[in-house]
Each structure stands twice: as structure tokens, then as C-alpha cells.
Amino acid sequence: MYFSAARTRQYVDELVQLLSKSPELLDDVDVFIIPDHITLTSVVAQLKRTKILTGAQDAFYEDSGAYTGEVSPQVLAEVGCRIIELGHAERRRIFGETDEDAAKKAAAAARNGMIPLVCIGERTQGQVTIAVEECRSQVEAVMAAVPDDTEVILAYEPVWAIGAKEPAGAEYVVNVVRDIRTLDCVQRRKGITRILYGGSAGPGLFEKLKGGLDGLFLGRFGHDPAQFYKTLQEIASA
Ligand SMILES: O=C(CO)COP(=O)(O)O
């Protein structure tokens, strides 16, 4: 909810314009934009001739029925949404979303042919082992709910690093993510599991993480299309 509808339109236009100068970037990096629900269909239309995927910031876990006010994953798929973000720290904190809700939403995304993008992360800054333990239950719940052969994106976002001045330390992030990759529920999957880092991520970060991370999940520091594009170039050249 940082952007107005007009700003979302302008943002996507500017980004598409920047990318048209070096379309080969999209051969090497998968890019997605996750706007609010209201602008989602117009963003899908704006991105139609590009390889950039559109995602939704949340969806309900049932496909249809008497759930007034909720957003159907089936309808999202129908209008061209390709990714469902779920379990964001703000959804968990403000709206009481549980691991069980996240698992049901991940299943709904997969059932409707979309990629679940599952936000995980520990609430307080501390040791790697404690962070991994907190993430473990978040990851296990979701992996138990989605078919083994579907793609899953995990967005590792330490809650304390969201909305901060700086991201979590690179060594810390790489160590937490290394241990998340070794969890049984991740190891035994046949589908692709990608792990991104989010939480005050921006230009200059991926270089420090590239040994251990598959990508970045940008918030505020991607709100300027030029900064987003710069980060993309860094990831492509890494
Ligand atoms: O929550 C985030 C992305 O989902 C991260 O937000 P910031 O990068 O603005 O901290």
C-alpha cells in the first residue's frame, strides 16, 4: 500500500521502458512484480509482451464460495496472476495469519497452477540456529501442503530487517539460508525451491549474498524503477 494506482501504472511503464534497452537481462533473471489486488489486472496487461511475471500479495485458500471480501486464487489465475505471495510478516502480525493459513494458501496457489511465494523469517535478531528453528516450522507447514513436484519460492525475510535502514548481515543470511536448504522437507522435494532474501534489500546487496541466495525480494529500495533495474543488472552479472 505504498503506491497509488497511478504510481503503479507509471512504475511499471518506466520499468518496461528500462528493460526494453537490455531485454537479455530477462534471459538470465526471472523477474516478478507484486502489486496490490486492485491494479493487478492492469499490471498483467502492461507486462503482457514481457517475460515479467505478475503476482498477488495474498489470496484466500478456497477457490470459490461464501467468503465475502476474500480474493479467489482461481480468479487470480484466470486473470493472469502467476505467483501468490503468502505469510508475509505483516499478514502474520497484523492479521493473525498462521502457518496453517499459509500452508492452505500455498496449496491453493499450487492447485491453481501458480507459484506460492512463502514469506518466512524470525521475529527477533539473534543467532543463526534460533532463526533456522523459527523458520523450520514455517517451511515445514507449507511443504507438507504442496505437491512435491511444484515450484516453491521461499522469501527469507527476517522480520526485524523489514522496513529497516539496512538489510540483515550477509554472512548471517547466507548461513540461515544454507541451513534452510538442508531441512528434510526441502531436500526431499522434486520441484524447484528457490530462496530469496527480503528485508531492506536493494542495489549492492546481491553481490554479497550470491553464493547462497537465488535472488532478492525488494520492497522500498525497489520503489524507484532505476534502483530496481540496477539491482537486476547486478543479479544478472553475478
Ligand atoms: O517486506 C518486504 C518485501 O515483502 C521488504 O520490505 P522492505 O524492503 O521495504 O524492508
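Note that ligands are numbered from 1 as they come in the structure, with each ligand's atoms numbered from 1 the same way.
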Quiz item: Relative to ligand 1, is Glu157 under 4.0 angstrom through side chain, backbone, both or neither, heavy atoms considered?
Solution: side chain
Quiz item: When Ile, Leu, Val, Met, Phe, Trp and Tyr are grouped by side-chain heavy atoms lying under 4.5 Å apart, directly or through other members, which residues fall in the same group as Leu196?
Solution: Phe32, Ile34, Leu53, Ile83, Ile115, Leu117, Ile153, Phe217
Quiz item: Is Leu154 reachable from Val128 through a run of hydrophobic residues whose side-chain heavy atoms are each under 4.5 Å from the next?
Solution: yes
Quiz item: Looking at OH of Tyr61 and CG of Leu86, how far apart are the two atoms once the value is rounded to the nearest 0.5 Å?
Solution: 13.0 Å
Quiz item: Going by the atom numbers of ligand 1, which of them fall below 4.0 Å from some non-hydrogen atom of Gly219?
Solution: 6 (O), 7 (P), 8 (O), 9 (O)
Exercise. Classify the ring geometry between Tyr67 and Phe60 as parallel (under 30°), tilted (30 to 60°) or perpendicular (over 60°).
Key: tilted
Quiz item: For atom 8 (O) of ligand 1, which candidate among Cys119, Pro167, Ser200 holds the nearest heavy atom?
Solution: Ser200
Quiz item: So which heavy atom in the protein is nearest atom 10 (O) of ligand 1, and how far is it from that ligand atom?
Solution: Gly163 N, 2.7 Å
Exercise. Please confirm whether Phe221 comes under 4.0 Å of ligand 1, counting heavy atoms of the residue only.
Key: no
Quiz item: Nearest protein heavy atom to atom 9 (O) of ligand 1, by residue and atom, and its distance?
Solution: Arg220 NE, 2.6 Å
Practice problem: Consider every N or O of His88 and every N or O of ligand 1, then say whether any pair is closer than 3.5 Å. | Solution: yes
Quiz item: Do you know the tightest heavy-atom contact between Cys185 and Val139?
Solution: SG-CG1, 3.8 Å
Exercise. Answer yes when Lys51 and Asp30 have at least one side-chain N-carboxylate O distance shorter than 4.0 Å, and no when they do not.
Key: no
Exercise. With heavy atoms of Phe217 as the reference, note each atom of ligand 1 found under 4.0 Å away.
Key: 4 (O)
